[in-house]
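In what follows, a single structure is set out as structure tokens and then discussed.
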Amino acid sequence: MSETSRPSAPSSKAAEDLAFLRDLAAAARNAPFGGGDYLIAAGGWFALASLVAWLGVRGVFGPIVPSAHFAFPICGLGFAATVAYLLRRDHGRVETAANRALGMAWAAIGWSILAFCAGAVVMAYRGHPSALNTITMFVVSVYGIGWTLAATITRQGWMSVTAFVSFLTVPVFGALAGTGQEFLAYAIALVLIAVVPGFRLRAAACPPAKAGA
């Protein structure tokens with residue numbers, strides 16, 4: 001065997017790696033992401049909290065409840081309980097590598113939102129209440145990152161549209177900050193970028209049974 005014909009192992013390894021990446025992408029497209037229930041829970045609970053806060057700003061609850069911001073920590077506890085139930089339900093469920101990666105990415109997004117909210121609350125407590133106005137912008141921004149990543153892995157066009165809507169709402173919240181209307185806008189945004197997509201993912205993960213099956 002000549003010297004020039006020997007170095008075939010690296011090219012073979014590169015071909016194997018490329019085939020693995022293609023299989024991973026195909027698996028992501030063929031196996032729907034099962035995180036729909038988590039998105040429904042997150043969007044639903046906090047959209048409800050934001051709607052209650054907006055009603056409080058509008059004076060619906062009267063002088064007895066001048067501020068309805070308490071809805072956020074209460075709904076946060078409800079969301080935590082829902083996530084605990086979902087994690088217990090899904091424990092041991094077999095997932096593809098792509099779906100596991102997406103799940104980890106969304107979990108990281110959730111922790112980053114929690115950390116940012118904690119930081120904003122600390123700033124507000126120290127005399128900078130305007131820091132709370134940045135929470136909505138941060139949340140929809142990282143949702144946009146999550147949907148962009150999901151669209152890249154799964155190649156689902158509707159996820160790219162959802163990511164675009166997420167990014168588009170950021171300057172809207174900047175314009176509405178401090179007016180009270182940002183709470184209503186936030187509730188609508190969560191329905192559009194979390195609840196509705198969550199139901200779509202849920203339907204894809206649990207297709208209806210065929211008649212006679």
Side-chain angles (χ1 to χ4, degrees), residues 32-58 60-61 65-91 93 99 102-122 124 131-147 149-150 158-159 162-163 165-170 172-173 176-177 180-206:
F33 177 52
D37 287 342
Y38 295 88
L39 288 167
I40 294 170
W45 276 111
F46 289 105
L48 174 62
S50 194
L51 184 60
V52 171
W54 176 71
L55 292 174
V57 171
R58 300 285 292 178
V60 172
F61 303 117
V65 185
S67 173
H69 289 73
F70 62 85
F72 284 97
I74 292 176
C75 288
L77 292 175
F79 171 63
T82 305
V83 169
Y85 163 75
L86 292 175
L87 289 174
R88 183 176 181 180
R89 183 199 66 180
D90 297 339
H91 179 70
R93 177 176 294 182
N99 282 350
L102 279 174
M104 293 175 64
W106 279 106
I109 286 173
W111 283 112
S112 66
I113 291 173
L114 179 62
F116 188 93
C117 289
V121 169
V122 170
L132 298 177
N133 293 331
T134 63
I135 292 177
T136 55
M137 293 187 290
F138 178 78
V139 171
V140 295
S141 294
V142 293
Y143 262 79
I145 294 172
W147 285 119
L149 178 61
W158 68 267
M159 293 184 180
T162 305
V165 172
S166 301
F167 293 132
L168 189 64
T169 58
V170 176
V172 173
F173 290 125
L176 295 177
Q181 299 303 317
E182 69 268 26
F183 294 111
L184 178 60
Y186 188 50
I188 295 173
L190 288 177
V191 170
L192 293 178
I193 68 176
V195 177
V196 172
F199 275 109
R200 183 163 184 170
L201 289 175
R202 184 179 185 181
C206 302

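Keep in mind the model is a prediction, meaning the values are calculated, not measured. Only heavy atoms go into these numbers, but all of them, side chains included; no hydrogens, no water, no symmetry mates.
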Could you grab the distance from atom [atom1] of [X] to atom [atom2] of [Y], nearest 0.5 Å is fine?
X    : Y    : atom1 : atom2 : result
R202 : D37  : CZ    : CG    : 4.5 Å
F46  : L190 : CZ    : CG    : 9.0 Å
F116 : M137 : CZ    : CE    : 7.5 Å
L114 : I109 : CG    : CD1   : 14.0 Å
C117 : F138 : SG    : CZ    : 8.0 Å
L102 : M159 : CG    : CE    : 7.5 Å

| Counting only heavy atoms not in R89, do more than 12 fall under 6.0 Å of its CZ? | yes
| said: Tell me whether F199 at atom CZ has more than 12 heavy atoms from other residues, nucleotides or ligands lying less than 6.0 Å away. | reply: no
Work out which heavy atom in [X] is nearest to a heavy atom in [Y]; give both atom names and the distance.
X    : Y    : value
Y186 : F72  : CE2-CE2, 4.5 Å
T169 : A189 : CG2-CB, 4.5 Å
F183 : W54  : CB-CB, 3.6 Å
A194 : G43  : CB-CA, 3.8 Å
T82  : A41  : CG2-CB, 3.7 Å
L201 : G36  : CB-CA, 3.9 Å

Do the side chains of [Y] and [X] get nearer than 4.5 Å, heavy atoms only?
X    : Y    : result
W106 : L39  : yes
D90  : Y38  : yes
V142 : I113 : yes
F167 : W147 : no

